[in-house]
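Every chain is numbered from 1 and lettered A, B, ... according to where its sequence line falls, protein lines coming before strand lines. Predicted model only: the values in this text are computed from it and were never measured. Note that these values count all heavy atoms, side chains included, but never hydrogens, waters or copies made by symmetry.
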Protein chains: 2
Amino acid sequence: MTSDKLAECLHTNPVVVRRTMGLLREAGIVTSDRGHSGGWRIAVDLNTVTLRQLHSALGEPAFFAMGNRNETPECLVEQAVNAALDDTFIKAEALLLERFSEITLADLAADFSRRYAEQRKQGR
Amino acid sequence: MTSDKLAECLHTNPVVVRRTMGLLREAGIVTSDRGHSGGWRIAVDLNTVTLRQLHSALGEPAFFAMGNRNETPECLVEQAVNAALDDTFIKAEALLLERFSEITLADLAADFSRRYAEQRKQGR
DNA sequence: GTTTCATGTAACTTATGTAGTTACGATTCG
DNA sequence: CGAATCGTAACTACATAAGTTACATGAAAC
């Protein structure tokens, strides 16, 4: 699929698509071809790609909105707060990563197919 | 403590302090007094205030950086992704809220005192 | 009662990060 | 060759949060 087509599907811009897909290509998850009949193609079995791999490929963006903390503050109050939160956030992140590594693109594809069949059955 | 003094401690601006502290006042956690020898005062026992209450008082800001999802998308792919993520994020949020409700300001104060004593012992 | 010191709050400015856009070069296929 | 497509740099637009200014309101000190 071309960047233009993907951008249309995602309601965004072809360049944004290329930027993001480029990261997936660096991780070996997709390939791209230039020129006529070029575009993006999945390079691996959907069963082998997990959300965790995608997250990693995309640069491990922060899970938490409160992650903008100074990790080595001089302030003792800040240190105490960090100590209290670190443990909590580390556990929550571990939980998220674990779940992410359990979900494959094949799972999502299967769920999509189910929803698609359901929608057709209802005559929409 | 005055907003000016707090702003200095927090390396921010007095108006920002008032905005935030105002939310805590609405929740009954602090009081404010105008005029001479005015400022902010804690209104409750530190043992009774949890991080969860603070979070709630501050308007329950989002925990997750990936929370900007359309909750009722037409797109079936989006629906499938949401279904996969919702469960995960709900569990993680529950974990965070649970931990937040276990941590009191008294806990933080105690940890601060410990750190302060430690620092003094080391002659800093 | 006037002065001084505070908060309360509206309005505006600044900073930051992300997404979007334009432009054009590089490459591939027909 | 020429059309299609990605690669990428550079710029713009936008949204959000923080910072700032300004001034009104209220309370204590003298």
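Atom CZ of B:R25 is separated from atom C1' of C:dG8 by 8 Å (rounded to the nearest Å). If you take CE of B:M1 and P of C:dA6, they are 12 Å apart, rounded to a whole angstrom. In this structure, the CG atom of A:L6 is 8 Å from the P atom of D:dC6, given to the nearest Å. Rounded to an integer number of Å, the gap from B:L58 CG to D:dA17 C1' is 14 Å. Computed from coordinates, the B:L10 CG to D:dG19 C1' distance equals 14 Å when rounded to whole Å. Look at CG on B:D4: it is 14 Å from C1' on C:dG8, rounded to the nearest Å. Here the P atom of nucleotide C:dA6 and the CD atom of B:E8 are 13 Å apart, to the nearest Å. One interatomic measurement links the two molecules: CG of B:L23 to P of C:dT9, which rounds to 11 Å at whole-angstrom precision.
Dashed line: the shortest gap from a side-chain N or O of A:T2 to OP1 or OP2 of D:dT5 is not under 4.0 Å. Within the 4.0 Å cut-off from OP1 or OP2 of C:dT7, at least one side-chain nitrogen or oxygen of B:S3 is found.
With rounding to the nearest 0.5 Å, the separation of CG in B:L105 from OG1 in B:T48 is 8.5 Å. Between the SG atom in A:C75 and the CZ atom in B:F112 there is a gap of 7.5 Å [rounded to 0.5 Å]. Between B:M66 atom CE and A:H55 atom NE2 the span is 4.0 Å, to the nearest 0.5 Å. Rounded to the nearest 0.5 angstrom, A:L6 CG and A:T12 OG1 are separated by 10.5 Å.
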Which atoms of nucleotides 28-30 of chain C (N or O only) lie under 3.5 Å from a protein N or O atom, and what are those distances?
residue, atom, partner, partner atom, Å
C:dT28, O2, A:H36, N, 3.4

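Of the candidates B:R115, B:R120, B:Q122, B:R114, B:Q122 is the only one forming a side-chain hydrogen bond (donor to acceptor under 3.5 Å, both in side chains) with B:E118.
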**Message:** Go through it in stages, so that I can follow the logic: the residues are B:Q53 and B:T50, the test is side-chain contact (heavy atoms from CB on, under 4.5 Å), and I'd like the CA-CA distance, side-chain angles, deciding distance and then a yes or no.
**Reply:** CA-CA 5 Å; B:Q53 282 173 270; B:T50 65; 3.4 Å; yes
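Put simply, A:L95 and A:F100 are part of two different groups of oily side chains (I, L, V, M, F, W, Y) that touch within less than 4.5 Å, one to the next.
Using modelled atom types, one finds a donor on one side chain and an acceptor on the other under 3.5 Å when comparing B:T104 with B:D107. Side-chain atoms of A:R41 and A:T31 include no donor-acceptor pair closer than 3.5 Å. Between B:W40 and B:S3, the side chains place a donor N or O and an acceptor N or O closer than 3.5 Å (distance only, hydrogens not considered).
Within residues 11-20 of chain A, the residues that place at least one heavy atom under 4.0 Å from DNA chain C are, in residue-number order, A:T12, A:N13, A:V15, A:V16, A:R19.
Proximity of the aromatic rings of A:F64 and A:F89 is defined here by a centroid distance below 6.0 angstrom, and this criterion is met.
Five base pairs at each end of the helix from C:dG1-D:dC30 to C:dG30-D:dC1 define two local axes, and these are offset by 0° (rounded to 10°).
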